[in-house]
Amino acid sequence: ILFLKQLQKDLEEVKELLTKATRKRLRDVLMTEKHKLELEIKNQPPLKPKDVVEEEKSSLGGYTVKINNYGWDQSDKFIKIYISLNGVQKLPAENVQVNFTERSFDLLVKNLNGKNYTMTFNNLLKPISVEGSSRKIKTDMVLVMCRKKREEKWECLTQVEKESKEKEKAAYDTSDPSEGLMNLLKKMYAEGDDEMKRTINKAWVESREKQSKGDIPMDI
């Protein structure tokens, strides 16, 4: 899961860099990396609904399992979190409990195939309405519906995610576009494979050679 998220973040950065790049050589390098990342993402195996981590034995017997795998979406009025749990529709409704606060919720599913399942979200990005929020039990899935207090788009689910994105962006989002471009290129070089490093090195050397001949100004 973490590897897939990293690939998606890398692709977002490359796309943003493409909007700033003007040199054909640099754009060619970025387009190559963009296609490579898109192919890697496409070839990732599907996430398994049972991709969860067993944490501790429950006082109710069996294990308590922390759910790490989920999907989410949003509408104007709701944040929707989808949690896959095989056979959950067979449980009594009272075995699926969700407690909401203005900035959090926690889910507890009791005695599903001899195990208890939990999921907690703290520090939601924006406040939700406790009264307007609910959960729905579907086939092999629990849908948590968080009612937005204000009808506006959320860029992510939690404040921690937002701060993480802002920290990453600050590494290359500077007042000088060239400096921001160089910071991102350095990041791509540091995290890239040997082929990517050779490509960036070649573009850099050729650019310096042209600059020394006076063909083009040094802008990368």
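Quick note: residue numbers are just sequence positions, from 1. The figures that follow rest on heavy atoms only: side chains count, while hydrogens, waters and symmetry mates do not. Because the structure is a prediction, the values reported are computed rather than measured.
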Quiz item: Can you tell me how far the CG atom of Leu37 sits from the CD atom of Glu13, to the nearest 0.5 Å?
Solution: 10.0 Å

Quiz item: With no hydrogens and no angle check, is any side-chain donor or acceptor of Arg103 less than 3.5 Å from a backbone partner on Leu125?
Solution: yes

Quiz item: Can you find a pair of side-chain heavy atoms, one from Arg150 and one from Lys126, that are under 4.5 Å apart?
Solution: no

Quiz item: When rounded to the nearest 0.5 angstrom, what distance separates CD in Gln8 from CD in Glu38?
Solution: 11.5 Å

Quiz item: If you look at every heavy atom in Ser133 and Cys146, which pair is closest and at what distance?
Solution: OG-CA, 3.5 Å

Quiz item: If Ile, Leu, Val, Met, Phe, Trp and Tyr residues are connected whenever their side-chain heavy atoms lie under 4.5 Å apart, and connections chain through other members, are Phe78 and Leu107 in the same group?
Solution: no

Practice problem: Identify whether Tyr82 and Leu85 are in the same connected component of the hydrophobic contact network (ILVMFWY, side-chain heavy atoms under 4.5 Å). | Solution: no

Quiz item: Atom CD in Glu155, atom NZ in Lys162: separation rounded to 0.5 Å?
Solution: 5.5 Å

Quiz item: Quick one: does Asn116's side chain have a donor or acceptor within less than 3.5 Å of a partner on Asn111's backbone?
Solution: yes

Practice problem: Would you give the length of the straight line joining atom CD of Glu161 to atom CD of Gln159, rounded to the nearest 0.5 angstrom? | Solution: 10.5 Å

Quiz item: Is there a donor-acceptor contact under 3.5 Å from the side chain of Arg27 to the main chain of Leu18?
Solution: yes

Quiz item: Is Gln74 reaching over with its side chain to a backbone N or O of Trp154, donor-acceptor style, under 3.5 angstrom?
Solution: yes

Quiz prompt | Shortest non-hydrogen contact from Lys148 toward Ile79 | solution = CE-CD1, 3.7 Å

Exercise. State the OG1-CG distance between Thr118 and Leu108, to the nearest 0.5 angstrom.
Key: 7.0 Å

Quiz item: Between Ser129 (side chain) and Lys149 (backbone), is there a donor-acceptor pair under 3.5 Å?
Solution: no

Quiz prompt | Candidates Ile83, Ile81, Val144 - the one meeting side-chain contact (heavy atoms from CB on, under 4.5 Å) with Trp72 | solution = Ile81

Quiz item: Arg135 versus Val96: any side-chain heavy-atom pair under 4.5 Å?
Solution: yes

Quiz item: In terms of hydrophobic clusters joined by side-chain contacts under 4.5 Å, are Leu91 and Val65 together?
Solution: yes

Quiz item: Quick one: OH on Tyr70 to CE on Met141, what's the gap to the nearest 0.5 Å?
Solution: 14.5 Å

Quiz item: How about Arg147 and Lys77: do any of their side-chain heavy atoms sit closer than 4.5 Å?
Solution: yes

Quiz item: Looking only at heavy atoms, which two atoms of Gln97 and Glu94 are closest? And how far apart?
Solution: NE2-O, 3.2 Å

Exercise. Would you please classify the geometry between the Phe105 ring and the Phe100 ring as parallel, tilted or perpendicular, with 30° and 60° separating the classes?
Key: tilted

Quiz item: Do you reckon Val130 sits in the same ILVMFWY cluster as Leu157, going by side-chain contacts under 4.5 Å, direct or chained?
Solution: yes

Quiz item: Quick one: does Lys15's side chain have a donor or acceptor within less than 3.5 Å of a partner on Lys34's backbone?
Solution: no

Quiz item: Shortest non-hydrogen contact from Ala21 to Leu30?
Solution: CB-CD1, 3.9 Å

Practice problem: Ignoring hydrogens and angles, tell me if any N or O in the side chain of Asn122 forms a donor-acceptor pair with the backbone of Ser104 under 3.5 Å. | Solution: no

Quiz item: Does Met119 offer a backbone N or O that forms a donor-acceptor pair with the side chain of Asp106 under 3.5 Å?
Solution: no

Exercise. Return the minimal non-hydrogen interatomic distance between Ile137 and Ala93, and the atom names on each side.
Key: CD1-CA, 4.3 Å

Quiz item: Under 4.5 Å between side-chain heavy atoms, hopping through other hydrophobics if needed: is there a path connecting Leu112 to Ile67?
Solution: yes

Exercise. Compare all side-chain heavy atoms of Glu16 with those of Glu12 and state whether any distance is below 4.5 angstrom.
Key: no

Quiz item: When you check the gap from the basic side-chain N to the acidic O, do Asp28 and Lys24 get nearer than 4.0 Å?
Solution: yes

Quiz item: Within the side chain of Ser164, is there an N or O that forms a donor-acceptor pair under 3.5 Å with the backbone of Val160?
Solution: no

